[in-house]
There are 2 protein chains.
Amino acid sequence: MAPHSDELEQARNAYISSLSETMEMYGLSPSMGRLFGIMFFHDEPMTLDDMRSLTGMSKTSMSTGIRTLSQLKLVHKKWQKGVRKDLYVAEHDQFRSFLDFFAHLWEKEIQINQKPLLETEIRLQENLKQQNCSEEEQIQIKRDLEKLYNAKQYYAWLGELVEKFKSGDIFNYVPVNEDDL
Amino acid sequence: MAPHSDELEQARNAYISSLSETMEMYGLSPSMGRLFGIMFFHDEPMTLDDMRSLTGMSKTSMSTGIRTLSQLKLVHKKWQKGVRKDLYVAEHDQFRSFLDFFAHLWEKEIQINQKPLLETEIRLQENLKQQNCSEEEQIQIKRDLEKLYNAKQYYAWLGELVEKFKSGDIFNYVPVNEDDL
DNA sequence: TAGTTCATACAGAAAAAACTGTACAAACTG
DNA sequence: CAGTTTGTACAGTTTTTTCTGTATGAACTA
């Protein structure tokens, strides 16, 4: 790791803080956001002890933090010959991080709702067939079933969107602008 | 509001819970998720007192909760002649909720990072021009600037994506499947 | 105007999350 | 094999968030 001046570190700091704030918005703890921000500017693979000294936090926190970041594919484990400690590097491709993160989030959303949606649907349909189901109740249940039908359409659509994200096809529709900014 | 049986309420409950879990994933508190879930099946506009009795929580919580949901456009205030209490209905179009929610989130991400990114960039460029800047430091700074350039591209792209979401153009690329499910 | 109904600001209590230090297990070293 | 080094599980502490009850002010009513 290149030794660099305080001034350089301070310069980085503005963007590190805003990266951290962004990640906080997405549900990570501020400290983990900050850890990622630091790693983002750190080209060489880092050990838990490196992180500890740069964040000023405990090694335990680094251990759990790096696991969270790994699960989100925001950092990657890197092996290096002759080094016993685990090494990690930040994912530098923000497009990839973005696509991975939201594809994963949305898949989870679909998965969470799938079964309960069907369960509710079936139970409502059973209720609809009951003898003692009043006219008014029938109307209500039909309205509910309509909502669930729309929900199904939504999850199906969301699944399609996830596929476009995972495959990178989304870039065909929203291309990356290569011009100067 | 139609009076409906416990059985009907139980049937709804499975999906209400999973909706709540989803919203928890997106940063809302479980109670607010549950409130939305209840409102989702509630066709008639609700008052804070209706919510209080259905969630079993305090009116204060309903007041603050509904504000959060309103800001996210997940519920809407509805005026009704002769009714003094504020009335609210859930947004039933999940496509709209989804697009609004993420467009807003991503706009906030762009906005959060814009200024700090530029600040870091400027400070790095100033450092680069310093007399006492070593060869090694120069290389490091250039690597940093490269990262910031990529970040700018990313935010520009994200802005484009937000536009497709807000305008609904995204449906031209990922159409809603109208077939039976 | 006085009385009532409503929504929300605020302060404190309860619950949840984040963080740390200790302890231990697994993987290395000589 | 005994001695290190390294990563993580766990329990306890601190911090943050969520929720409630009281108090207040705004909007309506007569």
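Here is the naming used below: chain letters follow the sequence lines, and residue numbers restart at 1 for every chain. Both backbone and side-chain heavy atoms feed into the values below; hydrogens, waters and symmetry mates do not.
One interatomic measurement links the two molecules: CG of B/Leu87 to C1' of C/dA7, which rounds to 13 Å at whole-angstrom precision. In this structure, B/Arg52 atom CZ and C/dA7 atom P are separated by 11 Å, rounded to whole Å. With rounding to whole Å, B/Gln71 atom CD is found 14 Å from C/dT8 atom C1'. The CE atom of A/Met57 sits 17 Å away from the P atom of C/dA17 (whole-angstrom rounding). One atom, CE of B/Met51, and another, P of D/dT20, lie 15 Å apart when rounded to the nearest Å. Atoms CD (A/Glu24) and P (D/dT16) sit 11 Å apart, rounded to a whole Å. Distance CE (A/Met62) to C1' (C/dA18): 11 Å, rounded to an integer number of Å. Rounded to an integer number of Å, the gap from B/Leu28 CG to D/dT17 P is 14 Å.
Judged by atom type and distance alone, A/Arg84 reaches the base of D/dT5 through a side-chain donor-acceptor pair under 3.5 Å.
Taking CG from B/Leu69 and CE from B/Met62, the interatomic distance works out to 9.5 Å, rounded to the nearest 0.5 Å.
Between B/Pro45 and B/Val89, the shortest heavy-atom distance links the atoms CA-CG1, 3.5 Å. Heavy-atom minimum distance, B/Asp93 versus B/Glu91: N-OE2, 3.0 Å.
Within 4.0 Å of A/Ser63, counting heavy atoms only, lies at least one base atom of the nucleic acid. Residue contacts shown for B/Ser61 include a base, since a base heavy atom lies under 4.0 Å away. Counting non-hydrogen atoms under 4.0 angstrom, B/Asp86 reaches the backbone sugars and phosphates but no base.
Of the candidates D/dT5, C/dG21, C/dA9, the closest approach to any side-chain atom of A/Thr60 belongs to C/dG21. Taking only side-chain atoms of A/Leu48, from C-beta outward, the nucleotide of D/dT18, D/dT8, C/dT4 with the closest atom is D/dT8. Here the side chain of B/Lys59 is nearest to one of C/dC6, D/dT8, C/dT29, namely C/dC6.
Among A/Glu137, A/Arg143, A/Lys142, the one residue that satisfies the side-chain contact (heavy atoms from CB on, under 4.5 Å) test with A/Ile139 is A/Arg143.
Applying the 4.0 Å criterion to OP1 and OP2 of D/dG21, one finds that B/Ser58 has every side-chain N and O outside that range. Residue A/Arg67 has a polar side-chain atom (N or O) positioned under 4.0 Å from OP1 or OP2 of D/dA9.
Relative to the six-membered ring of B/Tyr173, B/Lys164 misses at least one condition, a distance below 6.0 Å or an angle of at most 45° to the axis.
When each of B/Pro30 and A/Tyr88 is assigned the nucleotide of DNA chain D bearing its nearest heavy atom, the one mapping closer to the 5' terminus is A/Tyr88.
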